[in-house]
Amino acid sequence: MCGIAGYIGSDNLSQHPLEVVLEGLSRLEYRGYDSSGVAVNTKKEIAIRKKVGRVENLRREIEKNPVPDGVCAIGHTRWATHGKPTDANAHPHCSQTNNVAIVHNGIVENHQELRNELIALGHTFRSETDSEVIAHLLGIALDECADLPRAMAKTVARLEGSYAIVAIAPSQPQMIVAARRNSPLVVGLGEGENFLGSDVAAFVGYTRYAMAIDQDRIVTVFRDRVEVTDFAGNRVEPTVYEVDWNVDAALHDGYDTFMEKEIHEQPQAVAETLRGRLTADGHLKLDELRIGEEELRSIDKIIVVACGSAAYAGHVAKYAIEHWCRIPVEVELAHEFRYRDSIVNAKTLVVAISQSGETMDTLMAVRHAAEQGARVLAIVNVFGSTIAREADAVLYTHAGPEVAVASTKAFSAQITAAYLLGLYLAELRGNKFSDEVAAYLEELGKMPQRIRKVLEQEDRVKALAAQMSDVDSVLFLGRHVGFPIALEGALKLKELAYIHAEGFAAGELKHGPIALIEKDLPVFVIVPTPRRPLLHAKVVSNVSEVQARGARVVVIAEEGDDAIDDSVKNVIRVPQSTPTLMMPLVTVVPLQIFACELAKLKGYDVDKPRNLAKAVTVE
Ligand code: M6R
């Protein structure tokens, strides 16, 4: 939540810093978009412009009210936590004497106490935010020590909570100083110029070399070097890495929206996640493994922790891993896991699933698990993200940057990675022979093509959305691996089209939800393959039950499944002979297209739905 960008370059005064930061903010807007702002350091003063609404509003404001040239700049795109989205609450915030400006991502938990203390000293506040106390404290500390990095260290010593703070001061124009605890921050390394961002999207148009910033660090960024220390001032050596995607990957590519582009990128996301997974002697490998094989053989329980769509990918993982490895798998929402007495010990493998690798609830669950002695394996999309760095093993999803707030290709890639994990453990623990694993991998290799076949039915799904654009409630039913997909279909519709949507296990229907069925209520039913007659027959009878009560049924069924007869008008077909456990990769696609189209028909911004942000970096 909240995007931060910073730039420092050549000292001949130019407009460049402002442009670089504005471009960074546009690329980071998916992190929060209720207001945005920039601060430019002119050496004499800090020029600030900020505006409620999208970054385009800020650009218009700057056109009307130009910013003087500067040597470095910082910017922020906000997702409000404390204080409404207003111009005044937008970042950057200044100290009492305007000797520093800061942007902040995170939450200052003791802000009220600090604010009271500062008010007693005669300070006046210009916003309702928790962040403004940071600017005031930093301003005082800078007056005391005349050194921005040291002032930052003094300031963070007073803060409780989470933060990525980036600051500039007219008295120290040769540097940008940042501090990080529990909120993401990364440095981009250029030639004679350097960058800061909440993620690499802020600067990947300029450089692909990035420096990962660990927990509890202060970073001083000059135009030609970067110094990193811990909070006590000891120098530390950070890790530098090359970003494996370029700026083109974050463009619309001819689609109206990022979400549509990302829906269509799913075959590639799955293929990339599968790529290069075999060792020379034909065994599956993870990306990073800091857990001994013996330890992995001895685990007696897996707990998947994740939030939102990633948790539904975890539900799919449960079905696959339990079936292939015979290990009990629990799936737990990360925020619930941490606050109950979950039974975790050294024989537990906690699998954290997260696209961003920065979701605070999941990160806290990871730390909680590690404290209990569990080993943590992360399935993460963003390279070098906090969860990836703190886990004992990592399986990257290689879906490429996902910009739309609603997860699509990352979800498919997470499911794919979960299958790989299941097969890896099954082979390692001797539950499956390597030829059996190879057969599953061959089937997985066919999934991109199967997804493409479903995408070919896009127009049919869009036509359905057009017929239903006035509905105010939709239900989704699924059984077995279709159940998490029903939940995902409902989540997509809620977050994009803002209508009531519920996903149910089809078997639950008669235990309550059937009372909701009334004439013309849209009900999507995900029908399992007829090759699993027990599962199939039960869901087919659910179709009849809701139809008999007048619902408008849309069925997602396998090609050639003739139990779905003429009585069902709306049928979306998925390719025949997809292995049962791999069905989610094809059945989810029509649900994504449906939600996206319905939201577009309602005139909503599908890439940036209201109230949401891409990475939820506060609890
Ligand atoms: O970055 P993460 O995968 O950890 O994010 C988890 C959820 O916040 C995310 O999946 C969210 O539910 C999406 N908006 C769903 O489309």
Side-chain angles (χ1 to χ4, degrees), residues 1 3 30-33 79 182-184 198-199 201 257-260 262-263 266 269 273 304-317 331-338 350-366 376 378-388 390-391 394-397 399-418 484-485 487-498 501 503 588-589 591-596 599 604-619:
M1 318 207 116
Y30 62 97
R31 301 185 71 96
Y33 31 85
W79 186 90
N182 286 338
S183 290
S198 298
D199 65 59
T257 61
F258 280 111
M259 182 169 177
E260 288 163 289
E262 288 160 7
I263 288 173
Q266 291 182 102
T273 303
V304 179
V305 292
C307 302
S309 295
Y312 300 147
H315 277 269
V316 177
V331 186
E332 180 105 50
L333 291 167
H335 33 90
E336 289 297 318
F337 168 74
R338 192 178 158 212
V350 167
V351 175
I353 306 183
S354 173
Q355 185 288 129
S356 59
E358 302 291 351
T359 298
M360 184 60 83
D361 292 311
T362 310
L363 175 61
M364 289 304 170
V366 162
V376 177
I379 293 178
V380 165
N381 194 40
V382 176
F383 184 84
S385 51
T386 310
I387 292 173
E390 295 196 11
V394 187
L395 223 165
Y396 282 109
T397 44
E402 190 178 65
V403 176
V405 165
S407 190
T408 53
K409 65 172 180 174
F411 177 73
S412 301
Q414 284 162 350
I415 293 176
T416 308
I485 298 309
L487 296 174
E488 173 64 2
L491 176 62
K492 287 280 101 60
L493 207 52
K494 284 180 229 187
E495 68 180 331
L496 295 168
Y498 319 146
V588 74
V589 176
L591 307 186
Q592 297 166 336
I593 299 171
F594 179 78
C596 180
Y604 299 145
D605 181 342
V606 296
D607 286 339
K608 299 186 187 82
R610 71 183 180 203
N611 303 336
L612 293 173
K614 183 70 184 159
V616 183
T617 55
V618 291
E619 278 184 276

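Please read all numbers here as calculations on a predicted model, not as lab measurements. Reckoned from all heavy atoms, side chains included, excluding hydrogens, waters and symmetry mates. Counting starts at 1 for both ligands and their atoms, following the listed order.
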Proximal atoms of ligand 1 relative to Ser407 (non-hydrogen, under 4.0 Å): 15 (C), 16 (O)
Quick check: Val405 and ligand 1, any N/O pair under 3.5 Å apart? yes
Note the single closest protein heavy atom to atom 6 (C) of ligand 1, along with its residue, its atom name and the distance in Å. Cys307 O, 3.3 Å
Please list the nearest protein heavy atom to atom 1 (O) of ligand 1 with its residue and the distance rounded to 0.1 Å. Ser356 OG, 2.7 Å
Output the list of atoms in ligand 1 that are nearer than 4.0 Å to some heavy atom of Ala310, sorted by atom number. 3 (O), 10 (O)
dist Arg610:CZ -> Asp605:CG (nearest 0.5 Å) comes out at 12.5 Å
Quick one: which ligand 1 atoms are inside 4.0 Å of a heavy atom on Ser354? 1 (O), 2 (P), 3 (O), 4 (O)
Residues Ser385 and Glu358: side-chain donor-acceptor under 3.5 angstrom: no
How far is atom 8 (O) of ligand 1 from the closest protein heavy atom, and which atom is that? Val616 CG2, 4.1 Å
For ligand 1, which atoms, with element, lie under 4.0 Å from some heavy atom of Gly308? 12 (O)
Minimal non-hydrogen separation, Gly314 against Val331, with atom names: O-CG2, 3.6 Å
What's the shortest distance from atom 4 (O) of ligand 1 to any protein heavy atom, and which residue and atom give it? Thr359 OG1, 2.4 Å
Specify the protein heavy atom at minimum distance from atom 10 (O) of ligand 1: its residue, its atom name, and the distance to 0.1 Å. Ser309 N, 3.2 Å
Minimum heavy-atom separation for Thr617 and Ser183, please, with both atom names. O-OG, 4.5 Å
Could you measure the distance from the CG atom of Asn381 to the NZ atom of Lys409? Nearest 0.5 Å is fine. 7.5 Å
Looking only at side-chain N and O atoms, does Tyr33 offer a donor or acceptor that is under 3.5 Å from a partner on Asp607? no
Can you tell me which residue and heavy atom of the protein come closest to atom 14 (N) of ligand 1, and the distance to 0.1 Å? Glu495 OE1, 2.9 Å
Shortest non-hydrogen contact from Pro609 to Leu496? CG-CD2, 4.0 Å
In ligand 1, the atoms that come under 4.0 Å of a heavy atom of Gln355 are 1 (O), 2 (P), 3 (O), 4 (O)
Taking distance alone, with N or O pairs closer than 3.5 Å, would you say Lys492 contacts ligand 1? yes
Could you tell me if Glu488 and Ser309 have a donor-acceptor pair between their side chains, going purely by distance under 3.5 Å? yes
Testing the 3.5 Å rule here: is there a donor-acceptor pair between the side chains of Gln266 and Ser412? yes
